[in-house]
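Just so it is clear, the structure is predicted and the values come from calculations on it, not from any experiment. Side-chain atoms are counted along with the backbone in the values below, which use heavy atoms only and exclude waters and symmetry mates. Letters A, B, ... are given to chains in the order of the sequence lines, protein chains preceding strands, and every chain is numbered from 1.
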Amino acid sequence: MAKLSAIRGFHDSTGDILERIERVEAVARKTLEFACYEPIRLPIVEHSEVFLRGVGHSSDIVQKEMYTFEDASGRSLTLRPEGTAGFIRAYLEHGLYKERPVCKYCYSGPMFRHERPQKGRLRQFHQVGAEAMGVSDPCLDAELITLADRTLRSLGLGEFEIHLNSIGCEACREPFKQDLVAFLQKNCTMLCEDCRQRIVLNPLRVFDCKVCKEAIEKAPVMLEHLCQECLEHFQAVKACLSAFGVDVNINPRIVRGLDYYNRTTFEIYPEEGGAQSVLVAGGRYDGLVETMGGPPTAGIGFALGVERVAERLQQKEKKPDLGVEKPSLAVIALGEQEKPALCRVLTKLWDAGTSAMPVWGPQGLKAKLRFVDKRGFRYALFPSDAGRMILKDMQAGSQSEGPSAETGWIMAHIHTL
RNA sequence: GUGAGUGUAGCUCAGUGGCAGAGCACAGGGUUGUGGCCCCUGUGGCCGAGGGUUCAAUCCCCUCCACUCACCCCA
């Protein structure tokens with residue numbers, strides 16, 4: 001029989017790596033909830049239409065990266081490739097927009113994309129998402145960026161850069177696209193093959209290209225062709241960020257991959273590193289709710305890549321932060337006779353709120369002590385029904401004795417250091 | 001989807017067309033029921049899978065699979 005293995009791009013996590021991942025999730029969630037974003041838990045599987053309509057047919061995600069399958073009744077279902085579309089579905093389904101004109105939510109969990117895995121890219125990965133609905137006020141754009149910034153700072157994540165752009169609205173983007181296409185066609189010989197195709201498919205994306213940097217240096221830039229309203233919005237976002245004390249780089253090359261964005265887009269990168277290292281990305285999506293069958297509603301959100309931030313933390317934290325040494329206790333049964341005594345003592349310890357690891361097994365004392373020592377336990381307790389039992393301090397090499405009938409003396413020893 | 005690299009012990013990796021190796025880990029002993037340091041010993045392998053060349057393949061050739069990295073794209 002073939003050996004069982006995890007699916008490609010789906011990882012098991014333990015130890016330090018898991019600790020960091022959970023820390024990133026916890027800190028991000030706490031930062032958002034502290035800022036009064038309400039937690040929401042969303043399904044991992046949705047009807048495929050949710051993503052077809054929400055993410056947009058033309059995106060790569062929908063075209064080739066979705067885990068789509070049929071359930072027993074023949075409905076087409078999809079493992080969520082991102083969070084926003086499912087969130088908007090819930091927002092509409094439960095009429096959240098009727099309940100309150102303004103609402104803010106945060107969530108976290110796994111996302112799935114069928115891409116070729118590589119560094120910083122998994123098929124199952126995890127995001128923490130934040131969405132703020134119902135207000136087009138530029139302060140909200142700034143608020144969200146600030147929260148992403150605060151999350152990364154709380155984690156102690158060294159240096160990172162926030163890149164900010166505006167990709168305008170439909171009104172100003174269409175005329176601009178025509179200008180851009182004209183420029184690209186004129187300079188078509190300087191472009192790579194991919195970019196020549198982008199002229200037709202999605203001209204804005206040439207700004208993402210790494211090889212054509214020189215060729216497009218003189219290309220017209222959306223930021224300089226914003227309509228009056230979009231320009232005012234963008235300037236207000238910058239002003240508000242400045243009031244928040246958050247520094248950003250204006251980067252006209254930030255063009256998001258998903259169809260639904262308008263106006264504000266932003267990405268956060270570590271100081272060095274390429275496209276794969278985007279830690280947080282987000283933007284405004286004022287037309288999305290309407291696209292998905294709801295009333296016109298402003299919205300903005302971001303997603304934080306948990307594994308990417310955790311990976312970055314690992315590079316920064318040379319040694320895992322052990323913190324204050326915790327008293328740790330192993331309870332060792334020497335042989336068969338001591339097992340009932342172990343059960344009784346262990347129950348008392350756990351009931352009293354003292355963490356302890358039971359050690360039973362066929363090994364000799366030497367092996368058991370080595371086992372406990374290797375795992376860094378400070379104390380070993382040898383329970384017994386015969387009147388008294390022994391507590392050994394592995395670090396000091398000393399032993400104490402106390403009555404088997406009670407455990408108070410053990411706790412006193414452990415906590416009096 | 002495209003390109004490159006790597007698959008040998010639980011882990012990290014050497015190695016050779018002719019008996020399969022080290023370090024770490026694990027187990028036992030030295031110390032007859034007291035850990036760490038030291039010493040000795042032991043367990044552990046379809047050398048990724050299938051086919052081909054050869055007297056003989058873990059090694060050379062082909063195919064497949066997996067992993068890693070990069071492209072594309074994205075968090």
Side-chain angles (χ1 to χ4, degrees), chain A residues 1-11 15 24 28 55 58-66 80-84 108-130 148 192-195 197-198 201-202 205 208-211 254-258 266-270 273-283 301-312 330 332-335 337-338 359 361-382 384 390-399:
Chain A
M1 188 155 73
K3 217 196 254 179
L4 298 175
S5 64
I7 303 168
R8 186 210 271 262
F10 288 66
H11 284 194
V24 171
V55 179
S58 76
S59 69
D60 277 38
I61 290 177
V62 166
Q63 295 223 322
K64 52 189 188 191
E65 294 173 2
M66 295 213 301
R80 64 181 183 193
E82 57 100 49
T84 301
S108 58
M111 307 291 164
F112 305 85
R113 292 185 199 170
H114 192 113
E115 306 175 88
R116 202 74 176 253
Q118 68 184 72
K119 192 175 183 61
R121 200 172 68 188
L122 296 164
R123 287 183 173 180
Q124 178 181 335
F125 59 102
H126 297 78
Q127 292 184 336
V128 176
C192 72
E193 202 171 315
D194 285 336
C195 281
Q197 289 186 4
R198 287 189 179 113
L201 294 172
N202 192 349
R205 297 205 65 85
D208 268 348
C209 186
K210 285 153 213 157
V211 282
I254 299 295
V255 184
R256 310 288 8 272
L258 278 46
F266 68 97
E267 295 182 353
I268 303 182
Y269 295 93
Q276 238 87 263
S277 52
V278 177
L279 303 173
V280 181
F302 73 70
L304 176 148
V306 173
E307 285 86 353
R308 287 187 181 178
V309 173
E311 164 79 23
R312 191 69 200 162
I332 299 175
L334 292 172
Q337 292 96 346
E338 285 79 13
V359 180
Q363 300 89 349
L365 175 62
K366 186 173 171 170
K368 281 173 176 156
L369 276 172
R370 192 163 51 216
F371 175 82
V372 164
D373 183 48
K374 284 259 166 81
R375 274 151 194 78
F377 279 73
R378 169 90 191 256
Y379 296 95
L381 178 70
F382 299 92
S384 159
I390 295 170
L391 179 69
K392 180 180 171 72
D393 182 334
M394 307 279 285
Q395 192 173 305
S398 59
Q399 297 188 171

**OP:** Any chance you could lay out the side-chain contact (heavy atoms from CB on, under 4.5 Å) test for A:His114 and A:Lys64, step after step, and finish with the verdict?
**Re:** CA-CA 7 Å; A:His114 192 113; A:Lys64 52 189 188 191; over 6 Å; no

Subject >> Complement of B:G5, any strand, by Watson-Crick or G-U distances under 3.5 angstrom >> reply: B:C67

Original post:
Roughly how far apart, to the nearest Å, are B:G45 and B:C11 at atom C1'?
Top reply: 14 Å

Original post:
Looking at the side chain of A:Ala303, which of B:A66, B:G28, B:A75 is the nearest nucleotide?
Top reply: B:A75

Original post:
B:U34, B:A75, B:G35: which one has an atom nearest the side-chain heavy atoms of A:Ala281?
Top reply: B:A75

**OP:** Could you tell me the separation between the CZ atom of A:Arg370 and the P atom of B:C38, rounded to a whole number of Å?
**Re:** 13 Å

Original post:
Contact class for A:Glu65 vs. all strands (heavy atom < 4.0 Å): base, sugar-phosphate, or nothing?
Top reply: sugar-phosphate

**OP:** For B:C38 and B:G23, measure between their P atoms and round to the nearest Å.
**Re:** 13 Å

Original post:
C1' atom, B:U68 versus B:C13: distance in rounded Å?
Top reply: 16 Å

Original post:
Looking at the side chain of A:Ala367, which of B:A66, B:G28, B:A75 is the nearest nucleotide?
Top reply: B:G28

**OP:** Check whether any side-chain nitrogen or oxygen of A:Lys374 sits under 4.0 Å from OP1 or OP2 of B:C26, and answer yes or no.
**Re:** yes

Original post:
A:Arg123 CZ to B:C67 P: how many Å, rounded?
Top reply: 8 Å

Subject >> Spacing of A:Ile332 atom CD1 relative to B:G35 atom C1', expressed in whole Å >> reply: 9 Å

Subject >> B:G21 and B:G30, which share atom name C1', separated by this distance in whole Å >> reply: 27 Å

**OP:** Rounded to whole angstrom, note down the P distance from B:A4 over to B:A9.
**Re:** 27 Å

Original post:
Base, sugar-phosphate, or nothing: which does A:Leu304 touch, judged by heavy atoms less than 4.0 Å apart?
Top reply: nothing

Original post:
With rounding to whole Å, what would you report as the distance between B:A25 and B:C64 at their C1' atoms?
Top reply: 33 Å

Original post:
On RNA chain B, nearest-nucleotide positions of A:Ile7 versus A:Asp373: which is more 5'?
Top reply: A:Asp373

Subject >> A:Leu391 CG - B:G35 P separation (whole Å) >> reply: 17 Å

Subject >> Euclidean distance, atom CZ of residue A:Arg378 to atom P of B:G35 [Å, nearest integer] >> reply: 18 Å

**OP:** With heavy atoms under 4.0 Å as the rule, sort A:Arg116 into base, sugar-phosphate or nothing.
**Re:** base

Subject >> Any strand: nucleotide that pairs with B:C19 via Watson-Crick or wobble, under 3.5 Å >> reply: none

Original post:
Where each residue is assigned the nucleotide of RNA chain B containing its nearest heavy atom, which of A:Ser398 and A:Pro362 is assigned the position nearer the 5′ end?
Top reply: A:Pro362

Subject >> From A:Arg8, A:His11, A:Gln124, residue fulfilling side-chain contact (heavy atoms from CB on, under 4.5 Å) relative to A:Pro117 >> reply: A:Arg8

**OP:** Mind calculating the distance between NZ (A:Lys366) and C1' (B:C39) to the nearest angstrom?
**Re:** 11 Å

Original post:
So what's B:U32 paired with, Watson-Crick or G-U wobble, going by both distances under 3.5 Å?
Top reply: none

Original post:
What integer number of Å spans the C1' atoms of B:C65 and B:A27?
Top reply: 35 Å

Subject >> Minimum-distance pair of heavy atoms, taken over all atoms of A:Ser277 and A:Tyr269 >> reply: OG-CD2, 4.3 Å

Original post:
Heavy atoms under 4.0 Å, any strand shown: does A:His114 hit a base, just sugar-phosphate, or nothing?
Top reply: nothing

**OP:** Look at the side-chain N and O atoms of A:Gln118 and state whether any lies under 4.0 Å from the OP1 or OP2 oxygen of B:A70.
**Re:** yes

Subject >> N/O donor-acceptor pair under 3.5 Å between A:Arg123 side chain and A:Glu115 backbone >> reply: yes

**OP:** Counting heavy atoms from C-beta on, name the nucleotide in B:U34, B:U68, B:G28 closest to the side chain of A:Pro117.
**Re:** B:U68

Original post:
Atom CG of A:Leu369 to atom P of B:A27: distance rounded to whole Å?
Top reply: 13 Å

Original post:
When all nucleic acid strands are considered with a 4.0 Å heavy-atom cut-off, which category describes A:Val309: base, sugar-phosphate, or nothing?
Top reply: nothing

**OP:** Quick one: label A:Ala380 by what it contacts on the DNA or RNA (base, sugar-phosphate, nothing), any heavy atom closer than 4.0 Å.
**Re:** nothing

Original post:
Taking any strand in view, what nucleotide pairs with B:C60 in a Watson-Crick or G-U wobble way, both distances under 3.5 Å?
Top reply: B:G52

Original post:
Any idea which heavy atoms bring A:Glu267 and A:Val278 closest together, and the distance?
Top reply: OE1-CG2, 4.1 Å

Original post:
Checking all strands, does A:Lys119 fall into the base, sugar-phosphate, or nothing category for heavy-atom contacts under 4.0 angstrom?
Top reply: sugar-phosphate

**OP:** Searching all strands shown, indicate the nucleotide that pairs with B:G42 (Watson-Crick or G-U wobble; both distances under 3.5 Å).
**Re:** B:C26

**OP:** Using atom types as modelled and distance alone, determine if a side-chain donor or acceptor of A:Lys392 lies under 3.5 Å from a backbone N or O of A:Phe382.
**Re:** no

**OP:** Figure out the CZ/C1' separation between A:Phe382 and B:U34, and round it to whole Å.
**Re:** 6 Å

**OP:** Could you tell me whether the phosphate oxygens of B:C67, OP1 or OP2, come under 4.0 Å of any side-chain nitrogen or oxygen in A:His11?
**Re:** no

Original post:
Does the base of B:U34 carry an N or O that pairs as donor and acceptor with the side chain of A:Lys392 under 3.5 Å?
Top reply: yes

**OP:** Write down the distance separating the C1' atoms in B:G42 and B:C46, rounded off to the nearest Å.
**Re:** 23 Å

**OP:** For A:Gln127 and A:Glu82, work out which heavy atoms get closest and say how close.
**Re:** OE1-CA, 4.4 Å

Subject >> Side-chain donor/acceptor of A:Arg308 to backbone N/O of A:Gly120, under 3.5 Å >> reply: yes

